[in-house]
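We use all heavy atoms of the structure for the numbers below, so side chains are in, but hydrogens, waters and symmetry mates are not. Numbering of ligands and ligand atoms starts at 1, following listing order.
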Amino acid sequence: EHAIAYKLKQSPKVSELYAIPGNPGIASLGTCVPGSVEDNEFIVDFVQKNQIDLTVIGPEVPLCNGLADDIEKAGYKAFGPQKKAATLEGSKAFSKDFMIRHHIPTAKYVEVTDFEKACKEVDHFDFPLVIKADGLAAGKGVVIVENKEDAISTLKEMMVDGALDGAGSKVVLEEFLTGFECSLLCFTDGKTIVPMVSAKDHKQIFDGNKGPNTGGMGSYSPVKKITSEIIDEAMNEIMKPMASAMVKEGVPFTGFLYGGLMLTEKGIKTIEFNARFGDPEAEVILPRLESDFVQAILDLMDNKPVELKWTDKVSHGVVLASTNYPASSTKGSLITGVDDVDGLVFHMGTKMTDEGLVTDGGRVLMVVTLEDDLQTAFDHTYKELEKIQCKDLFHRNDIGKKDM
Ligand code: AMP
Ligand code: GLY
């Protein structure tokens, strides 16, 4: 949300910027309004009282709660998919079923709601096996297991013990894909679909892609391996057919459509769709956008051609996360040195107190730099983030390293 607000604010079309609830980073760009992103009534009331011309919905929870529907019903502009279209992210089973129905390349899968049945289904897959909670789980709902014992205990945690707040009462078992993973985000209203520049997330918690999945520990853009031919192929085989199929099924998708893609030996396959800007992709993609972000959104909504201009510079960013993330987060640990950073610092989970800036979440800050090449940006980001001091923060040391 901070990255989105930062780019919105650069538009000459924006006279005032409000964020609900915002964070200490966004507070330097506009007015933060206390309130919950899950309170549709409050948000619609705010939009009406303040005559908000355009609401850009960031996170998945309000999208899946139908916030775009409610703002539009009140007669105001919202950029983000309606509730039904956001189900693409809100339910992995819906998304997989949709892809298979429309021949969008993706991994083989089975959907199960019963623990005993799930345990039996495990025998129909090879290892590693991918187990996905059906519902929203803040990037923590996917577990890759190496053997039957781990499969059963993961299924038990999700389906019987109620881990992930019930998001795993239904699960998807999925074939493990090997290849090169990348993210391709698009602006779309269903009819028009325009790709952004490629980005690479680093989902696992530890260096060398080890440990459990997180919301994302760092990213960079563009990805050298993702040539314009590959982007064309991904658009023609996956992103365009998906946008058209959603229109055909009466659930047109307006907003940022995120494709998590795997370049396999058998072509490009879809790992997942998200119904919003990826995080930490937004923090490296949006700083590269040179043209007017707001104009692009408005043009798309007005059925006009969308023009995007990007810098050739490489952006690189590293997330500073709470010590025990993703298992737990911290609150209240003092953070210093943010203002000394020569680069962009996006706030993810911070809070301003009388003592100063403190941690307030799992992923806390992200430091991003833009340079002529990945190596220079890598060196620069890692130099700058040493200036941030906090006893409870850690980061990966190898974001982008494998691809240099
Ligand atoms: P998702 O939330 O579906 O993107 O899954 C989180 C991460 O798990 C992905 O970014 C991949 O790194 C990994 N993953 C998910 N599905 C698969 C799959 N079918 N094969 C291999 N890796 C996967
Ligand atoms: N970076 C992946 C996501 O936002 O879900």
Side-chain angles (χ1 to χ4, degrees), residues 1 3-4 58-61 63-64 86 88-96 99-100 104-111 125-146 154 158 164 167-168 171-185 196 198-206 208-221 223 255-266 268-286 317-319 321 326 346 348 362-363 366 396 399 402:
E1 285 66 47
I4 291 172
E60 62 277 24
V61 173
L63 291 167
C64 291
L88 206 54
E89 174 163 2
S91 164
K92 301 265 188 204
F94 170 88
S95 175
K96 293 294 287 188
M99 283 188 254
I100 300 291
I104 311 251
T106 188
K108 287 198 201 76
Y109 84 106
V110 58
E111 164 191 339
F125 287 87
D126 296 328
F127 292 100
L129 162 68
V130 186
I131 301 179
K132 299 186 172 181
D134 178 62
L136 293 178
K140 295 170 221 161
V142 175
V143 181
I144 296 166
V145 291
E146 299 290 340
T154 301
M158 284 187 186
L164 308 172
V171 299
V172 163
L173 301 180
E174 197 174 291
E175 165 203 15
F176 181 79
L177 299 173
T178 46
F180 184 84
E181 191 177 342
C182 70
S183 312
L184 183 64
L185 284 75
M196 302 187 209
S198 60
K200 182 152 179 81
D201 186 6
H202 292 62
K203 298 251 192 204
Q204 278 134 317
I205 189 78
F206 299 126
N209 294 333
K210 302 246 163 46
N213 273 329
T214 68
M217 294 299 293
S219 55
Y220 70 89
S221 169
V223 187
F256 309 115
L257 181 61
Y258 170 116
L261 308 176
M262 187 78 92
L263 273 53
T264 75
E265 279 179 357
K266 293 184 188 151
I268 307 176
K269 298 206 177 177
T270 317
I271 294 177
E272 67 161 347
F273 286 109
N274 286 331
R276 57 179 165 87
F277 241 106
D279 178 10
E281 284 89 341
E283 294 92 329
V284 290
I285 291 175
L286 285 170
V318 178
V319 170
F346 292 113
M348 304 166 114
R363 290 185 294 166
M366 182 164 174
R396 272 182 65 159
I399 301 300
K402 246 173 68 183

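Residue contacts with ligand 1 for Glu175 involve N, CA, C or O but no side-chain atom from C-beta outward (heavy atoms, distance under 4.0 Å).
The closest donor-acceptor contact from the side chain of Arg363 to the backbone of Gly215 lies under 3.5 Å. When atom types are taken as modelled, the side chain of Ser198 and the backbone of Leu184 share no donor-acceptor pair closer than 3.5 angstrom. A distance-only check finds a donor-acceptor pair linking the side chain of Ser219 to the backbone of Pro280 [under 3.5 Å]. Judged purely by atom type and a 3.5 angstrom limit, Thr106 uses its side chain to pair as donor or acceptor with the backbone of Thr270.
Listed by number with element, the atoms of ligand 1 under 4.0 angstrom from any heavy atom of Glu272 are 1 (P), 2 (O), 3 (O), 4 (O). Taking every heavy atom of Glu174 and a limit of under 4.0 angstrom, the matching atoms of ligand 1 come to 16 (N), 17 (C), 18 (C), 19 (N). Applying the 4.0 Å criterion to heavy atoms of Arg276 picks out, from ligand 2, the atoms 3 (C), 4 (O), 5 (O). Taking a cut-off of under 4.0 Å to the non-hydrogen atoms of Phe176, the atoms of ligand 1 that pass are 20 (N), 21 (C), 22 (N). Numbered from 1 in the order shown, with element, the atoms of ligand 2 that lie under 4.0 Å from a heavy atom of Gly278 read 4 (O). The contact set between ligand 1 and Lys132, taken as ligand atoms under 4.0 Å from a residue heavy atom, comprises 3 (O), 15 (C), 16 (N). Atom numbering of ligand 2 starts at 1 in the shown order; those under 4.0 Å from a heavy atom of Tyr258 are 1 (N), 2 (C). Heavy-atom proximity to Asn213, at under 4.0 Å, picks out these atoms of ligand 1: 6 (C), 7 (C), 8 (O). Atoms of ligand 2 found under 4.0 Å from any heavy atom of Gly215, numbered from 1 in the order shown, are 1 (N). Close contacts between ligand 2 and Asp201 involve ligand atoms 1 (N), 2 (C) [criterion: under 4.0 Å to a heavy atom].
Residues Asp134 and Ser91 bring a donor and an acceptor atom of their side chains to less than 3.5 Å of each other.
Judged by the 6.0 Å distance and 45° axis criteria, Lys200 is positioned over the aromatic ring of Phe180.
The side chain to side chain contact (heavy atoms under 4.5 Å, CB included) with Glu283 is formed by just one residue from the set Asp279, Ile285, Leu286; it is Asp279. Each of Lys203, Arg396, His202 was checked for a side chain to side chain donor-acceptor pair (under 3.5 Å) with Asn209, and the lone residue meeting it is Arg396.
The CG atom of Asp201 sits 11.0 Å away from atom OH of Tyr220, with the distance rounded to the nearest 0.5 Å. Taken to the nearest 0.5 Å, the CG atom of Leu257 stands 11.5 Å off from the CZ atom of Arg276.
Considering every non-hydrogen atom in both Ala133 and Ala167, the closest pair reads CB-O, 3.6 Å.
Evaluated by nearest non-hydrogen atom to atom 13 (C) of ligand 1, the leading choice among Val172, Thr264, Ile131, Ile144 is Ile144.
Within the 4.5 Å cutoff, the side chain of Tyr258 has no heavy atoms near those of the Glu89 side chain.
Judged by the shortest distance from any of its heavy atoms, Lys92 lies inside the 4.0 Å radius around the atoms of ligand 1. Residue-ligand proximity: Pro280 is placed with a non-hydrogen atom under 4.0 Å from ligand 2. Under a 4.0 Å heavy-atom criterion, Ser183 is not in contact with ligand 2.
The protein heavy-atom contact nearest to atom 14 (N) of ligand 1 is Ile271 CG2, 4.0 Å. Closest to atom 11 (C) of ligand 1, if we only count protein heavy atoms, is Glu181 OE1, 3.2 Å. Counting only heavy atoms of the protein, atom 5 (O) of ligand 1 lies nearest to Val142 CG2, 3.3 Å. Regarding atom 18 (C) of ligand 1, its nearest protein heavy-atom neighbour is Val130 CG2, 3.6 Å.
The distance criterion of under 3.5 Å between nitrogen or oxygen atoms is met by Leu177 with respect to ligand 1.
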